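Read through the structure below, which is laid out as C-alpha cells, and then see the notes.
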Amino acid sequence: GLSEAALLALQNHSLLTGQIARQMETKDKKKAEEAFLAGALHEVGWLVKVNDTVAHGAGLPVDRSLLGAYLLGLWGLPHSIMEAVAYHKEPHLLAHPAFELVDMIYIADHLATEMGAKGTAEQELDLAYLARVGIDETQLSGIRAAATEAARTTEGDSA
C-alpha cells in the first residue's frame with residue numbers, strides 16, 4: 001500500500017487537479033462540478049490494493065487509470081467522468097472533436113504535477129494535440145495562471 005506521506009501527496013495532488021479543472025469550465029456550473037469530481041478522482045486507481053506478484057507474474061502491467069475508471073463505473077459515476085479518468089494521460093486515444101472533460105483533466109493533472117512535490121511532469125503537454133481540440137498557447141497561459149492561483153489557495157487551506 002501507499003505510505004502515509006504518499007497518500008497525503010496523492011490527496012493534495014488530486015484536490016488541486018480538481019480545482020484547476022473546475023476553473024476551466026466557466027459557463028456551466030454543473031459541468032464545473034463534474035470537472036472537479038473527475039479531477040479529484042482521477043488517481044483513484046492508486047488506492048486499489050493490487051497483488052503485484054499475480055499481475056506482474058502474468059506479464060500484465062497494471063494500468064491505474066483504467067483500474068480507477070472501472071471502479072468509478074462500479075460506483076455508478078457518469079460515463080464522462082469514467083472516460084476522463086481512463087484517458088487523462090492520453091486523451092488523444094478517446095475519439096472526440098473538441099475540448100472536453102478528458103482534456104481538462106489532462107491539462108489539470110499536468111499542471112498540478114508541475115506545481116506539486118515532484119516539480120516536473122513525466123512529459124510535456126502535447127501542444128499540437130491541444131490545438132486540435134481548440135486550446136492555443138494563449139489560452140493555456142491563462143489556465144496556467146489560474147492554476148497557480150488555485151495552488152496558492154490550496155496551500156493556504158492546508159496550512
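For this chain, numbers begin at 1 and follow the sequence in order. Model, not experiment: these values are computed from the prediction.
- The CE atom of Met82 sits 12.5 Å away from the CH2 atom of Trp75 when rounded to the nearest 0.5 Å.
- A donor atom on one side chain and an acceptor atom on the other are found under 3.5 Å apart for His13 and His42.
- With rounding to the nearest 0.5 Å, the separation of OG in Ser14 from CH2 in Trp46 is 12.0 Å.
- Listed by first and then second residue, the salt bridge (Lys or Arg N to Asp or Glu O under 4.0 Å) pairs that reach into residues 8-29 are Arg22-Glu33, sequence neighbours excluded.
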Worked verdict on Glu43 versus Asp109 for side chain to side chain contact (heavy atoms under 4.5 Å, CB included): CA-CA 9 Å; Glu43 298 285 21; Asp109 174 52; 3.9 Å; yes
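- In this structure, Leu111 CG and Thr148 OG1 are separated by 7.5 Å, a value rounded to the nearest 0.5 Å.
- Within the 4.5 Å cutoff, the side chain of Leu77 has heavy atoms near those of the Leu37 side chain.
- Cluster membership for Met115 and Leu8, using ILVMFWY side-chain heavy atoms within less than 4.5 angstrom, is not shared.
- Looking at Ile105, Leu72, Leu101 one by one, the single match for side-chain contact (heavy atoms from CB on, under 4.5 Å) with Val85 turns out to be Leu72.
- Nearest approach of Ala112 to Ile20, heavy atoms of both residues: N-CD1, 3.9 Å.
- Listed here is the closest heavy atom pair of Pro91 and His96: O-CE1, 3.3 Å.
- With hydrogens and angles left out, the side-chain atoms of Tyr129 and Asp103 include a donor and acceptor closer than 3.5 Å.
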Trace of the side chain to side chain contact (heavy atoms under 4.5 Å, CB included) decision for Asp126 with Leu130: CA-CA 6 Å; Asp126 184 341; Leu130 290 175; 5.8 Å; no
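- Note: Ile107 CD1 to Arg144 CZ = 9.5 Å, rounded to the nearest 0.5 Å.
- For Ala21 against Ala108, the heavy-atom pair with the smallest separation is N-CB, 3.7 Å.
- We find the CG-CZ distance between Leu47 and Arg64 to be 9.0 Å, quoted to the nearest 0.5 Å.
- With rounding to the nearest 0.5 angstrom, the OH atom of Tyr106 is 10.0 Å from the NZ atom of Lys89.
- Here Arg152 pairs with Glu149 in a salt bridge; the nearest charged N to carboxylate O distance falls below 4.0 Å.
- Here the closest heavy-atom approach between residue Ala146 and residue Gln23 is recorded as O-OE1, 3.0 Å.
- Residue Tyr87 is found in a hydrophobic cluster whose other members, listed by chain and number, are Leu93, Leu94, Val102; membership requires side-chain heavy atoms under 4.5 Å apart, directly or through intermediates.
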Worked verdict on Leu127 versus Asp136 for side chain to side chain contact (heavy atoms under 4.5 Å, CB included): CA-CA 8 Å; Leu127 298 179; Asp136 62 29; over 6 Å; no
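- Applying the 6.0 Å contact sphere to OH of Tyr70 captures no more than 12 heavy atoms from other residues, nucleotides or ligands.
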